[in-house]
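Notes follow the structure.
Since the structure is predicted, the reported quantities are computational estimates derived from the model, not experimental observations.
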Amino acid sequence: MEQQIKNCIHSLFTTEIEVKLTRPEPQFGDYATNVALQLAASLGKNPREVAEAIAEKLRDDEDFIDVNVAGPGFINIRLSDSALIKQVYERPETLRKDELIVIETNNPNPFKPMHIGHAYNSILGDTIANLLAVSGANVKRVSYHGDVGTHVGRSMWSLLKYTEGNPEKLTNIPANERNSFMGKMYAEGSRAAKEDETVKAEVDELAKQSFIRKDGNFNAIYEIIFDWSFTQIDAILKRIGNVPIERRYLESETEVPGKELIIDNTPRVFTLSNGAYIFEGSKYGSFDNIYIGSHGNGLYGAHDMGLVQLKRQDYPQLSASYVPTGGEQAAYFKGVIAASELAIPELEGKLFNIPTGLVKLSSGKMSSRTGDVVEIDWLFDEFAKAIEARGGEATDEIIAGALRYQFLKVKIGGDVIFDVSEAVSLSGNTGSYLQYAYARARQLIEKSTAKFMRSNDLYEEDKSLMRKLSEYHEVVNLATRELAPHHICNYLFDLAQEFNRYYEKNRVVGDDREAHRVSLVTLYADILKAGLSMLGIEAPGKI
RNA sequence: GCACCCGUAGCUCAGCUGGAUAGAGCGUUGGCUUGCGGAGCCAAAGGUCAUAGGUUCAAAUCCUGUCGGGUGUACCA
């Protein structure tokens with residue numbers, strides 16, 4: 001369509017201009033463009049005259065049933081029925097076809113409890129992976145976890161005290177209490193190390209132990225907790241509806257390749273100072289940072305570079321790599337990416353960090369437990385209670401749907417203010433509203449014996465819904481280009497509202513136009529389901 | 001100090017590669033069930049888009065200053 005208008009303008013004024021179509025208020029038309037306003041100045045003419053001339057010529061096009069000029073010089077276009085139907089069947093573009101893309105879809109650390117922030121990042125990564133796949137890419141989901149370092153030292157300090165030389169003691173802790181238990185162990189170690197210098201020294205020593213793992217007692221505990229952590233992580237990821245990963249990277253694997261890469265690129269990329277390897281990130285919008293400490297151990301920068309190296313080895317064809325992380329690491333990642341690109345030139349322009357905001361709870365009362373982290377199991381229970389309070393069945397797909405939607409409907413980057421009572425209310429712009437809207441539609445289809453048929457006719461009462469349906473591919477294009485799932489959410493909500501209006505006014509089963517209307521409802525239901533599935537949200541036919 | 005991000009309705013947020021009366025949900029107020037799931041629909045009230053300038057035919061959107069908030073700033077990740 002843009003091209004049609006572009007040609008039209010060219011034949012009138014022999015100028016080239018980028019034509020952008022927007023979706024105006026429905027009262028104005030299906031599409032609108034302001035090209036006339038842009039052209040007027042350079043042509044030295046009145047914008048309305050220019051618009052009128054273009055409109056006049058566009059009226060010859062049989063796809064447009066109505067073309068008019070409004071306001072200062074907008075051209076509003078209404079599509080013919082057949083053109084509108086064609087738009088509804090339009091598929092989203094696949095600009096990333098044949099690209100191999102690696103994306104981290106979760107990265108909670110073992111030896112620490114999994115909390116609401118991890119759930120957010122995991123849901124976001126998983127959904128972005130879906131968007132990449134929709135745009136045609138061959139997506140490889142991976143994960144990365146810190147299995148060594150300070151946090152391990154802190155937890156191990158408490159665990160050694162707790163087990164008193166007998167790792168078997170851990171087996172007494174029931175599975176459903178392990179996450180909180182780990183939280184307690186970690187918190188205790190952190191606090192003790194902060195308050196007491198000697199404890200801090202012990203914790204540091206245990207952190208070192210995590211790299212070498214020579215001690216039998218240490219190892220026995222380490223292995224049990226490691227196993228617990230990943231059992232827990234896998235179970236939660238499954239509950240929130242994430243697609244399983246293909247490869248799990250551990251921080252301990254990255255030390256060797258990371259250090260090697262850095263040393264090989266000194267002094268070309270890194271500078272050596274007092275035994276430490278430094279990257280001058282301040283030249284690249286980051287900050288100067290030490291990658292290998294003077295003690296010779298790789299620091300987090302070295303590990304992230306090692307990870308880049310491992311990914312490249314595992315996926316030699318990779319054309320892009322995405323790592324969603326908390327926004328507080330944005331500047332740091334700028335440095336890692338700059339250093340990686342300098343060290344491995346073939347990766348230039350292929351590494352991306354997606355900085356996300358923090359998850360905060362708006363209400364004071366949130367959980368009965370200690371500390372300030374919100375554990376995911378607790379949140380699941382809260383959702384379940386709310387759903388049951390409304391007489392619904394609290395299955396994981398309903399809970400996960402509500403949770404995912406709550407996170408995905410806001411733009412990436414800002415903090416997510418998570419209001420539990422709002423998320424749990426299940427009305428308004430929520431995942432539950434959409435699942436309910438889908439189930440209603442599905443029930444209509446089930447109730448009717450009419451078969452789906454592609455109709456060439458449209459009736460007046462169909463128009464609003466059809467118009468909304470025709471926007472689907474455009475919204476998906478926007479979302480996949482920007483990797484912004486919230487566009488999908490906003491659209492689906494509008495769509496469901498449009499359907500509910502239709503449903504309210506028009507009888508489907510038993511009407512003279514039953515077959516026609518059932519087909520329209522089917523079109524809608526399919527698109528809603530496809531949209532939800534991009535968000536990783538199930539759409540049951542009945543709830 | 002320096003760098004980056006943010007400030008839109010009572011609350012939570014869209015809109016920001018400039019364009020038509022600034023949109024939604026929640027909350028508030030008032031309506032709608034004999035027709036397919038009322039977890040729904042309709043309507044009303046509610047905004048000097050932090051603030052002061054600038055650019056433009058046109059600014060929530062671009063530029064600058066100010067105020068307010070957040071994050072980062074070399075051996076923890």
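Put simply, A/His486 has a side-chain N or O that comes within less than 4.0 Å of OP1 or OP2 on B/G15. Of the side-chain N and O atoms in A/Arg501, one or more sit less than 4.0 angstrom from OP1 or OP2 of B/C42.
Against RNA chain B, the stretch residues 401-415 of chain A makes heavy-atom approaches under 4.0 Å through A/Val410, A/Lys411, A/Asp415. For the contact set between residues 67-78 of chain A and RNA chain B, defined by any heavy atom under 4.0 Å, the members are A/Ala70, A/Phe74, A/Asn76.
Atom C1' of nucleotide B/C76 and atom CG of A/Asp204 are separated by 9 Å, given to the nearest angstrom. To the nearest angstrom, P of B/A20 lies 10 Å from CG of A/Leu37. Nucleotide B/G40 holds its P atom 13 Å from the CD atom of A/Gln435, rounded to whole Å. A/Arg48 has its CZ atom 18 Å from the P atom of B/A58, to the nearest Å. Here the C1' atom of nucleotide B/C76 and the CZ atom of A/Phe211 are 10 Å apart, to the nearest Å. Here the C1' atom of nucleotide B/C6 and the NZ atom of A/Lys360 are 11 Å apart, to the nearest Å. Following rounding to the nearest Å, A/Ile337 (CD1) and B/C4 (P) show an atom-to-atom distance of 17 Å. Going from atom CD of A/Glu498 over to atom P of B/G40 covers 16 Å, rounded to whole Å.
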Which pairs, protein N/O on one side and nucleotides 71-74 of chain B N/O on the other, fall under 3.5 Å?
| from | atom 1 | to | atom 2 | distance (Å) |
| --- | --- | --- | --- | --- |
| B/A74 | O4' | A/Asp288 | O | 3.4 |

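The same atom, C1', is picked in B/G46 and in B/G10; the two are 9 Å apart, to the nearest Å. With P as the reference atom, B/A20 and B/G35 are 45 Å apart, rounded to whole Å. One P atom belongs to B/A60, the other to B/U48, and the distance between them is 13 Å to the nearest Å. Using C1' as the reference atom, B/U73 and B/U56 are 39 Å apart when rounded to the nearest Å. Nucleotides B/A50 and B/A9 have their C1' atoms positioned 15 Å apart, rounded to a whole Å. Of the C1' atoms belonging to B/U64 and B/A59, the separation is 15 Å, rounded to the nearest Å. When the C1' atom is used for both B/U29 and B/A45, the distance is 8 Å, rounded to whole Å. A distance of about 48 Å separates the C1' atoms of B/C75 and B/U55, rounded to the whole Å.
With sequence neighbours excluded, no residue forms a salt bridge (charged side-chain N to carboxylate O under 4.0 Å, His left out) with A/Glu388. For A/His151, there are no side chain to side chain donor-acceptor pair (under 3.5 Å) partners at least two apart in sequence or on another chain. The side-chain contact (heavy atoms from CB on, under 4.5 Å) check on A/Ala515 picks up A/Ala450, A/Met453, with sequence neighbours excluded. Applying the side chain to side chain donor-acceptor pair (under 3.5 Å) test to A/Ser321 and every residue at least two apart in sequence or in another chain returns nothing. Remark: A/His486 engages no residue in a side chain to side chain donor-acceptor pair (under 3.5 Å) (not counting sequence neighbours).
Pairs engaging residues 285-300 of chain A under the side chain to side chain donor-acceptor pair (under 3.5 Å) rule: A/Ser282-A/Asp288 [sequence neighbours left out]. Sequence neighbours left out, not one pair with a member in residues 290-299 of chain A passes salt bridge (charged side-chain N to carboxylate O under 4.0 Å, His left out).
Listed for the A/Arg404 side chain is no donor-acceptor partner under 3.5 Å among the backbone atoms of A/Gly401. Remark: the backbone N or O of A/Tyr322 is not paired with any side-chain donor or acceptor of A/Glu104 at under 3.5 angstrom. Side-chain atoms of A/Ser432 never come within 3.5 Å of backbone atoms of A/Ala402 as a donor-acceptor pair (strictly under, hydrogens ignored).
Rounding to the nearest 0.5 Å places CG of A/Asp304 at 7.5 Å from CD of A/Gln329.
Checked by atom type, the side-chain pair A/Arg501/A/Ser464 shows no donor-acceptor distance below 3.5 Å. Inspection of the A/His145 and A/Glu251 side chains reveals no N or O donor paired with an N or O acceptor under 3.5 Å.
The side chain of A/Ile417 sits closest to B/U12 out of B/U12, B/C75, B/A77. The side chain of A/His295 has B/C75 as its nearest neighbour among B/U21, B/A24, B/C75.
Toward the 5' end of RNA chain B, the nearer of the two residues A/Asn274 and A/Glu25, judged by each one's closest nucleotide, is A/Glu25. Residue whose closest nucleotide on RNA chain B sits further toward the 5' end, between A/Asn429 and A/Asp304: A/Asn429.
Within the nucleic acid shown, A/Ala32 comes within 4.0 Å of at least one base atom, counting heavy atoms only. Residue A/Asn34 is in base contact, counting any heavy-atom pair closer than 4.0 Å across all strands shown. Residue-level contact check: A/Pro24 touches the bases, meaning some heavy atom is under 4.0 Å from a base atom.
Looking at heavy atoms from C-beta onward, A/Glu538 lies out of side-chain contact with A/Thr395 at the 4.5 angstrom threshold.
Judged by distance alone, with hydrogens and angles left aside, A/Gln27 brings a side-chain donor or acceptor within reach of the base of B/U21, the pair sitting under 3.5 Å.
We find that A/Glu474 and A/Arg23 are joined by a salt bridge, their nearest charged nitrogen and carboxylate oxygen being less than 4.0 Å apart. In this structure, A/Lys259 pairs ionically with A/Glu255, as a charged nitrogen and a carboxylate oxygen lie closer than 4.0 Å.
For an aromatic pair to be called close, the ring centres must be under 6.0 Å apart, and A/Tyr144 with A/Tyr249 fails this. Checked against a 6.0 Å centroid threshold, the rings of A/Phe270 and A/Tyr277 do not count as neighbours.
For A/Arg440 and A/Phe499, the positive end is not near the middle of the six-membered ring at less than 6.0 Å and at most 45° from its axis.
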**OP:** Between protein and nucleotides 34-39 of chain B, map the contacts as a letter string: B base, S sugar-phosphate only, - none, heavy atoms under 4.0 Å, written 5' to 3'.
**Re:** -BBBSB
Subject >> Strand RNA chain B as a dot-bracket string - pairs counted if Watson-Crick or G-U with both distances under 3.5 Å, | where the partner lies in another strand >> reply: (((((((..((((.....[...)))).(((((.......))))).....(((((..]....))))))))))))....
